[in-house]
Amino acid sequence: MRPGSRFLSVVRTLTILAPPKGKTFASCCDPNLQLGVYYKNERINELIKGRRIQDAQNLFDQMSARDSITYNLLISGHGRYGNPKQALYLYKEMVSQGIKETGPTFSSVITVCGNEGFYAEGVQVHCRVISLGFGLNLFVGSSLVNLYLRMGLVDVAWKLFDQLPQRNLAVWNLMLNGFLELGKLEELFVLHGQMRWEGVEPNGLSFCYLIRACCNGRFLDQGKQLHCHVIKVGWVEFNDFVANALVDFYSACGIFIDARKAFLLIPVEDVISWNSIISVYAENDLLFDAIELFSRMHFWDKKTFHSFLFGALGLIQ
DNA sequence: CTAGGGTTAG
């Protein structure tokens, strides 16, 4: 037997206990305990993906040791599936137990704060972001941009956005959406100009926001330009949302003919486009056409709200 | 093993 071979066999048995890929022994003081956490985290992840958030919470409650990933999974799960308060509670518990936040923690928590109106809490978490040095993280930064836009603090959002070391389409779209919701249409078009200046190509969602801005502001010329561009790039054929936005734009601007043209070009009419075009017919006093379209829609087995039809019937009487 | 952006009107 060669010297050292016994040692090798011991090492081989040890590898059975080897930590999962990407981990080293140095990062686990107690391999067995840590492995337990790892596999339970995986299970929690599966449960949340299957939308079984309560089961995930039960498993979480039974765990004797938890790490930041355990908390991140549950925080984002509760945030996504409608339990924002629980998400914030878990975040508080996590911090008070001395478990350090990571990027995903901040990103989930701040998104919850922004979307559910916990603005004061969101600003507090922003302080933690700064003191722990996560301010330049793209995900964290975009959740902060979203938070301040929802608060209506446009200047702060601009500043954070400008300071981001890199940007992707999601952040640009968050900005566009924020300005649209706040009715800051000028800012929105400034941002669009900046996109073009930096050579960022908008996607279908960006064009939805831009066209809706033209719709709300009745910017006929600008909307037509967008329409041309969108046709050239090919979004109308592939994106129902864009096509619907065009129908709404023309009907808002009172250009009935173009609204109808835009409707006819929609590849697969969904409920929304039917709603839009029926309301356009009704608004233009083409009541019988509206009703005819409504019955055609039933023929295609489309389900919709009946309000437009009732509106049209009311006008006839 | 974890984090982000969606259409209508009423």
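Proteins come first, then strands; the chains are lettered A, B, ... in the order of their sequence lines, and each starts at number 1.
When rounded to the nearest whole Å, the span between OH of A:Tyr281 and P of B:dT8 equals 21 Å. Atom pair A:Leu73:CG and B:dC1:C1' shows a separation of 7 Å (rounding to whole Å applied). The nearest whole Å value for the distance from the CD1 atom in A:Ile211 to the C1' atom in B:dT8 is 14 Å. Whole-Å rounding puts the A:Gln166 CD to B:dG4 C1' distance at 13 Å. When rounded to the nearest whole Å, the span between CD1 of A:Ile75 and C1' of B:dC1 equals 16 Å. Rounded to a whole Å, the CE atom of A:Met63 is 16 Å from the P atom of B:dC1. Between the CZ atom of A:Phe60 and the C1' atom of B:dT2 there is a distance of 14 Å, rounded to whole Å. B:dT8 atom P lies 10 Å from atom OH of A:Tyr209, rounded to whole Å.
Contact annotation for A:Leu176: no contact, since no heavy-atom pair falls under 4.0 Å across all strands. Nucleic acid contact class of A:Asn146 (heavy atoms, under 4.0 Å, all strands): none. At the heavy-atom level, A:Arg43 lies nowhere under 4.0 Å from the strands shown. Among the protein residues, A:Leu174 comes within range of the sugar-phosphate backbone only, with heavy atoms under 4.0 Å from sugar or phosphate atoms but none that close to a base. Using a 4.0 Å heavy-atom criterion, one finds that A:Val247 contacts no nucleic acid atom at all. Residue A:Ser143 is classed as having no contact, given no heavy-atom separation below 4.0 Å to the nucleic acid.
Here the side chain of A:Asn41 is nearest to one of B:dA3, B:dG6, B:dC1, namely B:dC1. Each of B:dG4, B:dT7, B:dT2 was ranked by its minimum atom distance to the side chain of A:Val171; first place goes to B:dG4. Listed nucleotides: B:dT8, B:dT7, B:dA3. Nearest to the side chain of A:Phe241: B:dT7. Taking the side chain of A:Tyr38 as heavy atoms from C-beta on, and the options B:dT8, B:dC1, B:dA3, the nearest nucleotide is B:dC1.
Within 6.0 Å of CZ on A:Arg218 lie more than 12 heavy atoms contributed by other residues, nucleotides or ligands. For A:Glu46, the CD atom counts as densely surrounded, since its 6.0 Å shell holds more than 12 non-hydrogen atoms of other residues, nucleotides or ligands.
Side-chain atoms of A:Asn177 stay outside donor-acceptor range of the base of B:dG6, with no qualifying N/O pair under 3.5 Å.
Ring centroid separation for the pair A:Phe256 and A:Tyr281 comes in under the 6.0 Å cut-off. Between A:Phe60 and A:Tyr71, the ring centre distance stays below 6.0 Å.
Under 4.0 Å is where a charged nitrogen must lie from a carboxylate oxygen, and between A:Lys261 and A:Asp258 at least one such pair does.
Close to B:dA3, at under 4.0 Å from its OP1 or OP2, lies a side-chain N or O of A:Arg80.
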